[in-house]
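Would you mind keeping the following structure in view while I ask a few things?
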Amino acid sequence: MGDMPRLDHIHPRPLRSAAALGLLAALAVSCTAADAETTAAGRAAVATSPLPTVPPAQPPRQLTRAEVEHAVGQLDSIVEDAMRRTGVPGVAVGVVYDDKVVYLKGFGLRTAGTKDRVGADTVFQLASVSKPIASTVVAAAVGDKTVGWDDPVLDHSSGFALKDPWVTRHVTYADLFSHRSGLPDHAGDLLEDLGYDRAYILDHLRHEPLAPFRAHYAYTNFGLTEAAVATARAAGTSWEKLSDEKLYRPLGMDSTSSVFADYEKADNKATLHVRTGGTWQAEHVRDPDAQSPAGGVSSTARDMTKWLRLQLANGTFEGRKVVDAAALEETHVPHMVSEPPHSPTGRTGFYGLGWNVSYDDQGRLKLGHSGGFALGAATNVALLPSEKLGIVVLTNGEPIGVPEAISTTFLDTAQTGGPTVDWLKFLGPLFQQTLQAERSKVDYSKPPASPAPARANSAYTGTYANKYYGPLTVSTQGDKLTMQLGPKKQRFVLRHYDGDTFSFSTTGEMAVGLSGVTFTVGSGGHADKVRVEYLDTSGLGTFTRNG
């Protein structure tokens with residue numbers, strides 16, 4: 001009987017970070033008699049040899065083919081159970097074992113309310129599962145000596161800058177791919193939500209406050225994007241073309257792209273869905289081109305199994321070397337502590353280069369990553385490299401734990417004969433809890449019983465400047481006060497809350513419900529400054545009146 005899964009390292013954190021980390025519990029694996037004999041033999045060798053025997057990089061296989069086949073045989077019911085319990089519209093799953101695709105199947109609908117079925121060739125948006133794909137592309141470039149993981153990014157990106165000049169000169173591709181540059185969590189994502197393009201966002205990372213370099217983990221889509229784009233620049237091409245040249249074409253991933261327009265024009269694609277009042281609706285479109293390396297890949301379950309085979313075969317595919325083994329292997333080792341243990345018996349979580357990296361009770365390497373668009377996509381990939389086993393799960397519903405529950409239940413079944421935990425029951429509330437943690441501590445839907453009155457609209461109207469977010473314009477439409485932000489001049493209605501504080505409904509991928517807008521009024525009776533609460537996560541959310 002194996003130990004119970006260790007769950008203490010999982011705790012609430014911001015939703016997008018939680019989705020990226022995968023929320024996978026460390027799974028217990030039973031120890032067989034054969035394994036015990038192998039361990040005993042190894043100890044005897046150490047005792048009788050003049051020098052200690054160097055242990056293998058990975059422990060010997062512990063799963064039998066029969067155990068894997070049993071788990072594969074349970075997958076239909078695992079997926080169907082998750083869909084029945086959540087109503088998520090569509091799911092596609094692929095499993096690779098011993099360099100063969102042993103399971104490949106689609107379930108449900110590409111769009112709720114239609115008869116369009118999901119299949120193995122349905123194109124899904126991958127969200128942050130794009131990250132380990134991006135690190136595979138960069139590993140190919142590292143193998144070609146185009147760049148090195150430890151090269152300063154500045155060598156190939158002359159305009160790149162962070163707030164600290166020393167960090168700017170020293171930050172490497174590995175630093176940005178392992179989220180240890182010091183940039184704050186999700187730096188740049190709010191600019192993307194406001195409609196700014198990749199060039200603007202990368203240029204404005206220089207305004208973000210930095211935590212200690214290489215001593216602080218914070219998940220940053222645009223930090224990773226900067227490293228990927230710099231790699232493509234060093235290769236004399238674009239990121240989108242480099243991905244196609246180094247990975248998609250060599251593997252025959254014909255339905256995979258790093259360009260949103262390719263997903264959009266695909267006939268057989270899964271649309272995004274959010275859950276509203278217990279029903280799933282296709283309400284949103286998510287164009288992630290600005291952060292393409294970090295979240296902009298679209299692919300199919302069939303194509304993804306080809307990439308899984310490449311990962312599990314150390315960079316070779318059908319007998320051909322596609323990616324240098326050493327460069328790829330570097331992506332699979334810990335580069336940063338992402339989740340410290342929360343008890344003396346807890347397990348540390350690590351981040352590699354585009355991968356979550358962990359080790360189970362048998363010392364086996366586990367690789368994984370999740371992707372999530374709050375606007376309607378959730379994906380997961382999980383690998384046990386020593387077992388040559390991997391699974392990918394793609395869904396067209398917002399992140400509520402479905403792909404993680406499916407992949408974890410599958411691996412749990414392979415290792416223990418059946419699930420040791422109801423993973424969907426465990427993960428679902430955790431996702432919901434992390435979502436609630438992102439919302440404002442103030443309930444703006446319930447103003448105070450006796451709120452202080454607002455001033456005349458003219459006290460607030462005008463244009464305010466911000467070096468990071470650009471201009472903010474407050475104006476009136478009829479009797480309503482509105483706020484305008486971003487290059488697309490998105491307009492938000494301000495509703496009075498109390499005194500000089502108003503609220504508005506946030507929109508986009510980083511939406512957090514109602515958030516506050518507080519004006520600071522000077523002695524002249526006009527507001528000098530305005531602070532937008534949800535834009536102020538890094539202390540950059542205050543705008544100053546022009547003139």
Side-chain angles (χ1 to χ4, degrees), residues 161-163 183-210 222 290 438-445 447-448 451-547:
L162 296 178
K163 197 170 182 69
L183 282 167
D185 187 71
H186 288 274
D189 285 14
L190 289 166
L191 291 175
E192 182 189 17
D193 255 11
L194 291 176
Y196 286 104
D197 64 15
R198 182 189 297 169
Y200 180 97
I201 298 168
L202 296 182
D203 183 62
H204 283 70
L205 292 179
R206 67 189 67 206
H207 298 297
E208 292 274 10
L210 296 177
F222 283 97
E438 290 191 325
R439 295 184 177 272
S440 174
K441 301 299 183 285
V442 178
D443 184 355
Y444 289 102
S445 67
R455 302 169 196 264
N457 285 344
S458 58
Y460 309 117
T461 55
T463 301
Y464 301 78
N466 182 293
K467 63 185 178 182
Y468 185 72
Y469 291 108
L472 178 156
T473 302
V474 178
S475 59
T476 55
Q477 281 191 329
D479 61 346
K480 293 181 179 178
L481 201 62
T482 67
M483 174 179 70
Q484 190 173 282
L485 281 165
K488 298 179 181 177
K489 302 188 185 304
Q490 295 181 42
R491 192 177 294 272
F492 304 90
V493 174
L494 300 181
R495 297 175 177 85
H496 184 246
Y497 177 73
D498 185 24
D500 296 318
T501 296
F502 296 76
S503 71
F504 73 104
S505 296
T506 57
T507 60
E509 180 63 29
M510 300 293 287
V512 292
L514 291 176
S515 188
V517 175
T518 300
F519 293 90
T520 301
V521 180
S523 57
H526 287 86
D528 299 324
K529 295 179 180 179
V530 56
R531 175 183 174 266
V532 181
E533 181 187 25
Y534 108 112
L535 298 182
D536 203 34
T537 53
S538 299
L540 297 172
T542 298
F543 297 72
T544 304
R545 182 184 287 276
N546 279 336

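Values reported hereafter were calculated over all heavy atoms of this structure, with side chains retained and with hydrogens, waters and symmetry mates removed.
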Donor-acceptor check, side chain of Y196 to backbone of Y469, threshold 3.5 angstrom: yes or no?
yes
Under 6.0 Å between ring centres: does that hold for F519 and F502?
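Yes; F502 has its ring centre under 6.0 Å from that of F519.
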For L485 and F492, work out which heavy atoms get closest and say how close.
CD1-CE1, 4.2 Å
Counting N and O atoms only, with roles assigned by atom type, does the side chain of R455 sit under 3.5 Å from a partner on the main chain of D500, one being a donor and the other an acceptor?
no
Once the angle between the rings of H204 and H207 is folded into 0 to 90°, is it parallel (under 30°), tilted (30 to 60°) or perpendicular (over 60°)?
tilted
Main-chain N/O of P451 paired with D498 side-chain donor or acceptor, under 3.5 Å:
no
Might you point out which heavy atoms bring P209 and S538 nearest each other, and give the distance in Å?
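Minimum heavy-atom separation between P209 and S538: CG-O, 3.4 Å.
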side-chain contact (heavy atoms from CB on, under 4.5 Å) between V530 and V474: does it pass, once the steps are laid out?
CA-CA 10 Å; V530 56; V474 178; 5.5 Å; no
Answer yes or no: is there a donor N or O on one side and an acceptor on the other, between the side chain of R206 and the main chain of L162, under 3.5 Å?
no
Given 3.5 Å as the limit, does a donor-acceptor pair link the side chain of T463 with the main chain of N546, or not?
no
Does Y464 have its ring centroid less than 6.0 Å away from the ring centroid of F543?
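No, the ring of Y464 stays outside the 6.0 Å limit from the ring of F543, centre to centre.
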N466 side chain to G541 main-chain N or O, any donor-acceptor pair under 3.5 Å?
no
Just by distance, do the side chain of Q490 and the backbone of D193 share a donor-acceptor pair under 3.5 Å?
yes
How about L494 and T482: do any of their side-chain heavy atoms sit closer than 4.5 Å?
no
Minimum heavy-atom separation for Y497 to D443, with atom names?
CE1-O, 3.9 Å
Closest non-hydrogen atom pair between L514 and S503, with its separation:
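Taking every non-hydrogen atom into account, CD2-OG, 4.4 Å.
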Do T518 and T501 meet the criterion of a side-chain donor-acceptor pair at a distance under 3.5 Å?
yes
Of all heavy-atom pairs between S440 and E533, which one has the smallest distance, and what is that distance?
OG-OE2, 2.9 Å
For the residue pair G188 and E208, what are the closest heavy atoms and their distance?
N-OE2, 3.6 Å
Intermediate values then yes/no, side-chain contact (heavy atoms from CB on, under 4.5 Å), I201 and E192
CA-CA 7 Å; I201 298 168; E192 182 189 17; 3.8 Å; yes
Calculate, to the nearest 0.5 Å, the distance between atoms CG and CZ belonging to L183 and F222 respectively.
12.0 Å
Do any N or O atoms from the side chain of R545 and from the backbone of T461 form a donor-acceptor pair under 3.5 angstrom?
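Yes.
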